Number of protein chains: 2
Amino acid sequence: MTQAQAEDRGARSRDAILGTAGELMSRHGYAATSISMISAACGLPASSIYWHFGSKEGIYVAVLERARTALLAALPPVAVPGADVARRLDTFLQEVEDAYQRHPHGVKLLMGLSIVQQDASAAAVAQFHDYRDALVTWAQESVSAVFGLRDRPEVSDELARFTLRMASGAAVARWFDPDAALETGPLRVALLALAAHHGVPIPGTPCQAHHSPGATGRN
Amino acid sequence: MTQAQAEDRGARSRDAILGTAGELMSRHGYAATSISMISAACGLPASSIYWHFGSKEGIYVAVLERARTALLAALPPVAVPGADVARRLDTFLQEVEDAYQRHPHGVKLLMGLSIVQQDASAAAVAQFHDYRDALVTWAQESVSAVFGLRDRPEVSDELARFTLRMASGAAVARWFDPDAALETGPLRVALLALAAHHGVPIPGTPCQAHHSPGATGRN
DNA sequence: GTCTATAAATCGATAGAC
DNA sequence: GTCTATCGATTTATAGAC
């Protein structure tokens, strides 16, 4: 059927535009990414891009929406299985690190752009905040499940904020060095210490990571 | 003297341009900040801006250099006084938080721009990396002094990286919420735990922040 | 050093044939 | 849905009077 072929071609073009636009915007930022750059990179003329998305902000909104759903799908589910806290934390951090590795344009898209000021459309601002809110909510529910903090929301909020800021900082580091990792090792130690500091019981770890002087360390 | 007056006026104009350009670039990013915006904001015509800095990249280089020297001047000196580790850490974190509060455009300038790609001049790339290298060096030397890690550079590197990433993450959070703080409290707990995890002796803290169940926490 | 005026290129966006 | 061609605005940068 001719119409079905046309629709399929349209959908493929839309995806191609979205992919290259996301790539370029996450690397150069929103303002520095021009329509002609996107057009040259994906092969389609500028008018086709405008037919699909209407405006440059329309492209940004669609790119951000796709990045959000893709990232949330890559992140581990909230309910992490595991017997004790330490084991749940390990699998949780492992999956977060995987998502971090496989999803290079996470925070970059949120920052490198900064339409977020004055002359941004309501749809763009909304999409911008949706992205952030989704991450915050996911982090809070995840650490709450890992550490069993249903009845202590302030603690899970602090641990979630801590985790997200560490991930954001790693994303910033990746700005300079593309190979910068998330370093879940130190993050694990820090989260356990923070939980213990707030009196969260952690079975099997009487005093977090204790040190027998001269026997620990890696020197 | 007429020549001295002219020189003084020139220096004042240069400073005004640099100030407004830094403000605008840290808020909108490099690409989204136009010469006409700077001109309108500081009152001087575009040609004066070009007379002082030659090009848009020239403005960026100068803005970044000024931001770097200002931030390094605001950061606490490497040699932190104090009797024990805990006390040195407290004063250190307090001064870092002060610098963070008083210096709103720290990381933003490094990110919101992203000339850092392909078509950036060598001077811009060099200034960009100088800024980052200065921060990394300062952090390493500072935590080394605070925790007494002269003979364990791997540990001081990890603690420094951890601290910088936390600060970067807080800067990202400030992108969304201008009131976002650095939260040195959790950072303090985390750094002490990391040091203890690597076998760094911390006098007066046998087991970092230990918890007597039900007696600690803030609930 | 500062100004007005403007060149040359590129930007976002649109018209209309196919 | 995709293409060529183009409009109008804005951008970086410069020329030259003062």
Side-chain angles (χ1 to χ4, degrees), chain A residues 1-21 24-25 28-63 112-115 117-121 123-124, chain B residues 1-21 24-25 28-63 112-115 117-121 123-124:
Chain A
M1 195 192 277
T2 311
Q3 182 162 350
Q5 283 180 355
E7 282 177 5
D8 183 58
R9 197 152 80 103
R12 284 178 174 275
S13 292
R14 206 190 119 97
D15 274 9
I17 296 169
L18 231 45
T20 58
L24 291 172
M25 285 184 177
H28 307 290
Y30 173 82
T33 303
S34 67
I35 306 292
S36 56
M37 285 169 63
I38 303 174
S39 171
C42 75
L44 291 158
S47 54
S48 287
I49 299 178
Y50 277 99
W51 187 90
H52 279 287
F53 301 100
S55 69
K56 192 184 176 183
E57 276 202 11
I59 305 175
Y60 169 67
V61 171
V63 162
L113 38 82
S114 282
I115 322 187
Q117 305 299 91
Q118 34 199 37
D119 53 344
S121 75
Chain B
M1 196 192 274
T2 310
Q3 181 162 349
Q5 282 181 356
E7 281 177 7
D8 184 59
R9 196 153 80 104
R12 285 179 175 274
S13 291
R14 206 189 121 97
D15 274 8
I17 296 169
L18 231 45
T20 59
L24 291 172
M25 285 184 178
H28 307 291
Y30 172 81
T33 303
S34 67
I35 306 292
S36 56
M37 285 170 63
I38 303 174
S39 170
C42 74
L44 291 158
S47 53
S48 287
I49 299 178
Y50 277 99
W51 188 89
H52 280 287
F53 300 101
S55 70
K56 193 184 174 183
E57 276 203 10
I59 305 175
Y60 169 67
V61 171
V63 163
L113 36 84
S114 281
I115 323 186
Q117 305 299 94
Q118 33 199 40
D119 53 344
S121 75

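Computed from a predicted model, the values in this text were never measured in an experiment. Here is the naming used below: chain letters follow the sequence lines, and residue numbers restart at 1 for every chain.
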Say you draw a straight line from CD1 of B:Ile38 to CE of B:Met25; how long is it, rounded to the nearest 0.5 Å?
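If we round to the nearest 0.5 Å, B:Ile38:CD1 and B:Met25:CE are 4.5 Å apart.
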A:Ser39 meets the side chain to side chain contact (heavy atoms under 4.5 Å, CB included) criterion, sequence neighbours left out, with A:Ile49
Sequence neighbours left out, what passes side chain to side chain contact (heavy atoms under 4.5 Å, CB included) with B:Ser47? Give chain and number order.
B:Pro45
Nearest whole Å is fine: how far is [N] [atom2] from [X] [atom1]?
| X | N | atom1 | atom2 | result |
| --- | --- | --- | --- | --- |
| A:Trp51 | D:dG1 | CH2 | P | 4 Å |
| B:Ile49 | D:dT11 | CD1 | P | 12 Å |
| A:His52 | C:dA13 | NE2 | P | 16 Å |
| A:Met37 | C:dA13 | CE | C1' | 18 Å |
| A:Ile38 | D:dT2 | CD1 | P | 15 Å |
| A:Leu44 | C:dA13 | CG | C1' | 17 Å |
| A:Asp8 | D:dT2 | CG | P | 11 Å |

Check whether any side-chain N or O of B:Glu57 sits under 3.5 Å from a backbone N or O of B:Ala124 as a donor-acceptor pair, and report yes or no.
no
N/O donor to acceptor pairs below 3.5 angstrom from side-chain atoms of residues 8-20 of chain A, sequence neighbours left out:
residue: A:Asp8; atom: OD2; partner: A:Arg12; partner atom: NE; Å: 3.3
residue: A:Ser13; atom: OG; partner: A:Arg9; partner atom: O; Å: 3.1
residue: A:Thr20; atom: OG1; partner: A:Ala16; partner atom: O; Å: 3.2
residue: A:Thr20; atom: OG1; partner: A:Ile17; partner atom: O; Å: 3.2

The side chain to side chain donor-acceptor pair (under 3.5 Å) partners of B:Ser34 (sequence neighbours excluded) come to B:Ser36
Test side-chain contact (heavy atoms from CB on, under 4.5 Å) applied to B:Tyr50 and B:Ile35, step by step:
CA-CA 9 Å; B:Tyr50 277 99; B:Ile35 306 292; 3.4 Å; yes
Any residue of residues 12-20 of chain B with a heavy atom less than 4.0 Å from an atom of DNA chain C
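Result for residues 12-20 of chain B: B:Ser13, sorted by number.
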B:Leu44 to B:Ser48 - nearest heavy-atom pair and separation:
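Of all heavy-atom pairs spanning B:Leu44 and B:Ser48, the closest is CB-CB, 4.4 Å.
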Check: protein-nucleotides 12-16 of chain D nitrogen or oxygen pairs below 3.5 Å:
residue: D:dT12; atom: OP1; partner: B:Lys56; partner atom: NZ; Å: 3.1
residue: D:dT12; atom: OP2; partner: B:Ile35; partner atom: N; Å: 2.9
residue: D:dA13; atom: OP2; partner: B:Tyr50; partner atom: OH; Å: 3.2
residue: D:dA13; atom: OP2; partner: B:Lys56; partner atom: N; Å: 2.9

